[in-house]
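Protein chains get the first letters and strands the later ones, always in sequence-line order, with residue 1 at the start of each.
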Number of protein chains: 2
Amino acid sequence: MTDNKASILVVDDDAAIRELLEEHLSRVGYDIRTAEDGDRMRALLNERPADLIVLDVMLPGDDGFTLCRQIREHSQVPIIMLTASSDETDRVVGLEIGADDYLAKPFSARELQARVKALLRRARFARAENPRFILFDRWRLDTLAHELIDEHGHSTALSGADFALLQLFLSHPNQVLDRDTISDVTRGRESMPLDRVVDVAVSRLRQRLGDQGRNPRLIKTVRGAGYLLAATVSHGPE
Amino acid sequence: MTDNKASILVVDDDAAIRELLEEHLSRVGYDIRTAEDGDRMRALLNERPADLIVLDVMLPGDDGFTLCRQIREHSQVPIIMLTASSDETDRVVGLEIGADDYLAKPFSARELQARVKALLRRARFARAENPRFILFDRWRLDTLAHELIDEHGHSTALSGADFALLQLFLSHPNQVLDRDTISDVTRGRESMPLDRVVDVAVSRLRQRLGDQGRNPRLIKTVRGAGYLLAATVSHGPE
DNA sequence: TCTTGTTGTTATTCATCGTTACAAGGATAT
DNA sequence: ATATCCTTGTAACGATGAATAACAACAAGA
């Protein structure tokens, strides 16, 4: 992540929506460009890539699904699809094609803003490199087999949630991760207030790491903020 | 920071506000410069850096968010953002972008003055370097794990408040720290008069250090002024 | 279907930290 | 010295946040 504005490209044939989003999203600090159809979108992306694309399904010329597929052929940029109907099929098709999120019209700009924020966060914290083994504390994580190996070479399998959470911590060690970020990255959605899923997930991971009780050594709680992994992390031998 | 006046740069397109702040802040001893837009701000910063920047959000040309981001690319100078609306989003965005504090218009000059004072103090006392282990008295502090280790190698976890306070003392040993400074640095806000939080926090930390009773050896009370840590502090082995 | 493991939810318990109250220790005036 | 005032130490309380056990919902496999 840089300090620059995240660049967002909005593709919609309705000028009113384009203006609304341009206004709202640039106000909250994003760099917005808009396109009214697929041709214009391609032209803008050619100029400069975007960090996130908001894509209407109903478009003159190529529709949103088609464009989404085209983009996916060469890019992993996060995509949010907009659809007029709240029809479930559209949603399913969209996500199958490779969209990352989906929003039914009409929607509030605030709602979209929340999704955008969550998706950018996911993209930012998602692991880039992926070495087979990661060493930390007295553990070794096998990222391929999803196994945790102790100092004696004894390994145990991790559940999906445990693994995702641990991988997130390992890719951002000694850094406080707030609950929303953790929830976004490991489960793909924002946590509601009064939601204790993340706490429970951390508690379960701590048990796996033998790190529970009064004094967790590895995963520290930062009151009012989130959690952090207190450990030096290195890549292990193949 | 030197004994000279702290230098503050106010960026606002409203001449009335510029004059008000220039008048008020220079009266209480700051060195003030003002700019009406981003270009002028950059010009002034080029001449001479500032110790703190007050930045309006709504500006002709680049807005406050953009300028804040630009400044953050190469500087950690404290920034206070001013916004016309009391809209929560502005505040969140501002702080995410890297502003240190935020003030909704209309505000009193006195209110701003308090924030300025607190932020400058925080900047002055904030820890720069961060060695893993700090040795003092017969203790060792593990700054990564937030654990206090005694002479026998037995370690106990510190709470957030205990750790922050101890770290502040350790980075300014044998130096009186007044209550407002302690409150600013460890909790990010000024203490109110008749507020005993700092006293209680010190009392709790003393208990952790086995330093209570009539004659504390480590954390001395300086009547009418504050507290000081009486110990020689050194960096420990990795 | 039954079993097993995983994950979300809720409720209870515990920890942390701000506040208040009161006691004890200076300081100052007389 | 005594009285009075001010400052500080700390116990006790309460509000809030966090840990986790227990339960429920669900999915995958036998």
Side-chain angles (χ1 to χ4, degrees), chain A residues 146-148 156-168 176-180 182-230, chain B residues 146-148 156-168 176-180 182-230:
Chain A
H146 290 204
E147 280 179 347
L148 195 56
T156 53
L158 291 178
S159 75
D162 284 345
F163 178 76
L165 181 57
L166 178 56
Q167 186 165 250
L168 171 60
V176 177
L177 303 174
D178 64 76
R179 288 178 173 74
D180 277 348
I182 293 174
S183 185
D184 274 359
V185 178
T186 62
R187 310 186 314 146
R189 62 176 141 126
E190 207 142 347
S191 57
M192 339 270 326
L194 296 186
D195 196 353
R196 306 227 74 74
V197 243
V198 172
D199 303 55
V200 175
V202 167
S203 174
R204 285 170 176 153
L205 178 57
R206 275 176 175 154
Q207 289 186 27
R208 291 312 200 99
L209 296 171
D211 195 40
Q212 65 227 104
R214 315 277 131 193
N215 283 25
R217 298 175 315 105
L218 275 173
I219 301 179
K220 298 282 183 184
T221 304
V222 182
R223 181 173 239 259
Y227 299 91
L228 72 80
L229 176 76
Chain B
H146 292 202
E147 283 175 348
L148 195 56
T156 55
L158 292 177
S159 76
D162 284 344
F163 177 76
L165 180 57
L166 178 55
Q167 186 164 250
L168 171 60
V176 178
L177 302 174
D178 65 75
R179 288 176 173 75
D180 277 347
I182 293 173
S183 185
D184 274 358
V185 178
T186 61
R187 310 185 313 148
R189 61 178 138 124
E190 206 144 350
S191 56
M192 338 268 330
L194 296 187
D195 196 352
R196 312 291 311 284
V197 244
V198 172
D199 302 58
V200 176
V202 167
S203 172
R204 285 171 175 152
L205 179 57
R206 277 175 174 154
Q207 290 186 25
R208 291 311 204 101
L209 296 171
D211 193 41
Q212 60 222 113
R214 307 275 134 246
N215 270 43
R217 300 174 313 108
L218 273 174
I219 301 179
K220 303 279 192 188
T221 304
V222 182
R223 183 166 240 269
Y227 300 92
L228 74 79
L229 176 76

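In terms of position on DNA chain C, the residue among B:R208 and B:M192 whose nearest nucleotide sits closer to the 5' end is B:R208.
A straight line from CD of A:Q207 to C1' of C:dT6 spans 14 Å, rounded to a whole angstrom. Between B:K220 atom NZ and C:dG26 atom P there is a gap of 13 Å when expressed in whole angstrom units. A:D162 places its CG atom 9 Å from the C1' atom of C:dT6, with the value rounded to the nearest Å. For the pair A:R204 CZ and C:dT6 P, the computed distance is 10 Å after rounding to whole Å. Atom C1' of nucleotide C:dG26 and atom CG of B:N215 are separated by 14 Å, given to the nearest angstrom.
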Pairwise N/O distances under 3.5 Å, protein to nucleotides 10-15 of chain C:
residue: C:dC14; atom: O3'; partner: A:R214; partner atom: NH1; Å: 2.7
residue: C:dA15; atom: OP1; partner: A:R214; partner atom: NH1; Å: 2.1

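Scanning atom types as modelled, no donor and acceptor separated by under 3.5 angstrom connect the side chain of A:R187 and the base of C:dG8.
B:D211 pairs by the side chain to side chain donor-acceptor pair (under 3.5 Å) definition with nothing, not counting sequence neighbours. Partners of B:K220 by side chain to side chain contact (heavy atoms under 4.5 Å, CB included), not counting sequence neighbours, listed by chain and number: B:L228, B:A230. Remark: A:D162 pairs with A:L158, A:S159, A:R204, A:L205, A:R208 by the side chain to side chain contact (heavy atoms under 4.5 Å, CB included) rule, at least two apart or across chains. For A:S203, the side chain to side chain donor-acceptor pair (under 3.5 Å) criterion is met by no residue, not counting sequence neighbours.
Rounded to the nearest 0.5 Å, atoms CZ (A:R217) and CG (A:L209) are 9.5 Å apart.
Contact of the B:T186 side chain with the B:Q167 side chain is not registered, since no non-hydrogen atoms from C-beta on lie closer than 4.5 Å. A 4.5 Å side-chain heavy-atom check between A:T221 and A:V202 finds every atom pair outside the cut-off. Side chains of A:V185 and A:L177 form no contact here, defined as non-hydrogen atoms less than 4.5 Å apart.
Using a 4.0 Å cutoff to heavy atoms of chain A, the contacted part of DNA chain D runs 5' to 3' from D:dT16 to D:dA22.
Contacts of B:R206 with the nucleic acid, taken as non-hydrogen atoms under 4.0 Å apart, involve only primed sugar atoms and P, OP1 or OP2. Within 4.0 Å of A:F163, counting heavy atoms only, lies no atom of the nucleic acid at all.
The only member of A:L168, A:V222, A:I182 that meets side chain to side chain contact (heavy atoms under 4.5 Å, CB included) when paired with A:Y227 is A:I182.
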